[in-house]
Amino acid sequence: MPDIRPVNTPIIKFNRTAAKHIRNIALHYISTRRHIVLSTALNDSLSLMAEETPIRFGILGCADIARKLSRAIKLAPNVAIHAIGSRSVQKAREYAESNGYPPSTKIYGSYEEVLDDPDVDAVYIPLPTVLHLRYAVLAAEKKKHVLLEKPVAPNVAELDKILEACEANGVQFMDSTMWMHHPRTAKMKEFLSDPQRFGHLQIVSALQSNLIIVG
């Protein structure tokens with residue numbers, strides 16, 4: 001299978017058994033001078049996960065991107081929204097209502113209160129990147145598994161501290177880069193790795209563009 005990672009980049013891998021609902025997570029951390037790429041690959045059976053107790057998520061903040069994750073959680077059979085926290089109870093309550101959160105959802109007026117909730121298993125952090133280090137480390141210290149919105153950190157040094165905190169406290173870390181975890185990505189890798197179609201690929205180059213309509 002072709003290795004399409006940049007040459008001479010460090011890879012850190014660890015597996016954690018603390019979260020029985022998540023197995024075989026490989027964390028790949030690649031750093032360059034100007035950017036970091038953090039990706040994780042999940043090898044899990046959804047049917048087996050659904051048989052276990054639902055993962056209770058706490059959400060820190062009322063970011064627009066969290067609306068998408070909220071819809072995904074509601075569709076997943078093995079996950080539940082348990083709590084949301086904002087800088088004001090009113091904002092958190094309005095956000096929960098506008099996104100159809102369950103009536104049982106705990107509403108908090110601070111991020112810390114979500115992390116102090118003993119029934120929260122994992123937290124989703126879609127806060128501004130400059131706040132990721134503070135709250136990801138605090139979540140890990142509170143023994144909460146961490147799903148961190150991209151970009152995960154403004155620099156490699158802060159990412160290292162987040163990973164160290166998660167490892168030291170025995171909790172799972174996962175980035176929220178959807179493309180890396182999409183089944184289509186795995187299918188593309190399988191397709192491109194077929195030597196009968198392309199031979200042995202050495203380099204893959206890709207370009208992303210967006211359509212912008214003005215006026």
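What you see is a predicted model, and the numbers here were worked out from it, not measured in a lab. Counting from 1, the numbers follow the sequence of the chain as shown.
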Measure across [X] and [Y] and return the closest heavy-atom pair with its distance rounded to 0.1 Å.
X    : Y    : result
P126 : A66  : CG-CB, 4.1 Å
V120 : A83  : CG2-CB, 4.2 Å
E158 : A153 : CB-CB, 4.2 Å
L127 : G61  : CD2-CA, 4.0 Å
S98  : R67  : OG-NH1, 3.6 Å

I want to check something: taking the side chain as every heavy atom from C-beta on, are [X] and [Y] in contact at a cut-off of under 4.5 Å?
X    : Y    : value
N169 : K143 : yes
K144 : V171 : no
K187 : E190 : yes
I162 : V146 : no
L147 : M174 : yes
H82  : P54  : no

Could you state the interatomic distance from [atom1] ([X]) to [atom2] ([Y]), rounded to the nearest 0.5 Å?
X    : Y    : atom1 : atom2 : result
T177 : L148 : OG1   : CG    : 9.5 Å
L115 : L60  : CG    : CG    : 5.0 Å
C166 : K161 : SG    : NZ    : 14.5 Å
C62  : R87  : SG    : CZ    : 9.0 Å
I81  : L69  : CD1   : CG    : 7.5 Å
I84  : K91  : CD1   : NZ    : 9.5 Å

- Message: Please determine whether residues V130 and V152 belong to a single hydrophobic cluster, defined as Ile, Leu, Val, Met, Phe, Trp and Tyr linked transitively by side-chain heavy-atom distances below 4.5 Å.
- Response: yes
- Message: For K150, I'd like to know if atom NZ has over 12 heavy atoms of other residues, nucleotides or ligands within 6.0 Å.
- Response: yes
- Heavy atoms from other residues, nucleotides or ligands near NZ of K68 exceed 12 (cutoff 6.0 Å): no
- Message: Using only atom types and a distance under 3.5 Å, with no angle test, would you say the side chain of K142 pairs donor to acceptor with the backbone of V114?
- Response: no
- Counting N and O atoms only, with roles assigned by atom type, does the side chain of D121 sit under 3.5 Å from a partner on the main chain of R56, one being a donor and the other an acceptor? yes
- Query: Applying ring-ring contact (aromatic ring centres under 6.0 Å, His included), which residue pairs with at least one partner in residues 93-143 are found, sequence neighbours left out?
  - Reply: Y111-Y135
- Item | R134: salt bridge (Lys or Arg N to Asp or Glu O under 4.0 Å) partners, not counting sequence neighbours | E112
- With sequence neighbours left out, the residues meeting side chain to side chain donor-acceptor pair (under 3.5 Å) with Q90 are E94
